[in-house]
Amino acid sequence: MFRSLSCALAGLALLGAPALASTVIDQNQDLASGVFSYLTPSFYAAQSFQQTADNISGAGIFLASGLGSGTQNVTISLWSGGMPTTGGTYITSGMAMASASGTWVDVFWTPIAITSGTTAYLVISSSMSSNYAVAYGTGNPYALGGASFNGGTLNSLYDLTFRTYSDTAFSAAVPEPATWAMMILGFAGVGCLAYRRRNRSIASSA
């Protein structure tokens, strides 16, 4: 009885405790001075930035106030090494629906490791036409990047009104001691269950 209970508990350790992801804002440029570009299939906006954390789990864009109505999809994609028109490499993307102007539209993805302090790029686009527009700030409010329209030169005097997210529960490094303990318990559970099945097989064949 005790051995069965021990095996069952060890087997449950394989599932581990649920990871409580903690998503926080990493970079944030919240000054909205005016309209940078409309969101249509013909137009896209881009913003370079540098993440502080070692991962990125999403990004958001602010829609200029007083423009647009209804719903429209907004895609924010992450690029490294440049934008789509400058030889950049696509990393990932997320999509959300815009439904009101003067609001943030945030998208999220599985956290991706990123080297902190290196330049990455957000590209904001849509496959639908509407009057929604991406807001921006003037006077270089974000010192670690610049804004671009349709793949043009990044202009450090303008920055999209944007933010990025990181996950404080993310770790690309060696597992912590508690994680190792859970893994060892899990392996012990597998071994214990395998041992009991083997004994049953031997007993039934005797």
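Predicted model, so just to flag it, every value in this text is computed and none were measured.
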Say whether, by atom type as modelled, one donor and one acceptor occur between the side chain of [X] and the main chain of [Y] under 3.5 angstrom.
X: Q72; Y: L39; value: yes
X: N55; Y: I112; value: no
X: Y38; Y: Y44; value: no
X: S33; Y: T138; value: yes
X: S116; Y: D54; value: no
X: N150; Y: S42; value: yes

With sequence neighbours left out, the residues meeting side chain to side chain donor-acceptor pair (under 3.5 Å) with S127 are N73
Distance only, no hydrogens: is a donor on one side chain within 3.5 Å (strictly under) of an acceptor on the other, for S93 and S77?
no
Flag side-chain contact, heavy atom, 4.5 Å: [X] against [Y]:
X: L78; Y: I56; result: yes
X: Y142; Y: Q27; result: yes
X: T119; Y: F49; result: no
X: V35; Y: L67; result: yes
X: I61; Y: W104; result: no
X: P41; Y: S129; result: yes
X: Q51; Y: T164; result: yes

D26/R163 ion pair, N-O < 4.0 Å:
no
Distance from [X] atom [atom1] to [Y] atom [atom2], nearest 0.5 Å?
X: T115; Y: Q50; atom1: OG1; atom2: CD; value: 11.5 Å
X: L144; Y: T118; atom1: CG; atom2: OG1; value: 11.0 Å
X: M83; Y: T153; atom1: CE; atom2: OG1; value: 7.5 Å
X: M97; Y: S126; atom1: CE; atom2: OG; value: 8.0 Å
X: L157; Y: N140; atom1: CG; atom2: CG; value: 6.5 Å
X: I91; Y: W109; atom1: CD1; atom2: CH2; value: 10.0 Å

Dump the intermediate steps for side-chain contact (heavy atoms from CB on, under 4.5 Å) on I124 and T75, then the final yes or no.
CA-CA 6 Å; I124 298 88; T75 297; over 6 Å; no
Can you label the angle between the Y158 ring and the Y136 ring as parallel, tilted or perpendicular, going by 30° and 60°?
tilted
Mind checking whether V123 and F149 sit in one hydrophobic cluster, side chains of I, L, V, M, F, W, Y counted as touching below 4.5 Å?
no
Report yes or no: do F43 and L154 belong to one cluster of Ile/Leu/Val/Met/Phe/Trp/Tyr joined by side chain heavy-atom distances under 4.5 Å?
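In one cluster: no.
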In the hydrophobic clustering (ILVMFWY, side-chain contacts below 4.5 Å, transitive), which residues join I25, or is it alone?
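Its cluster mates, by chain and number, are F108, Y165.
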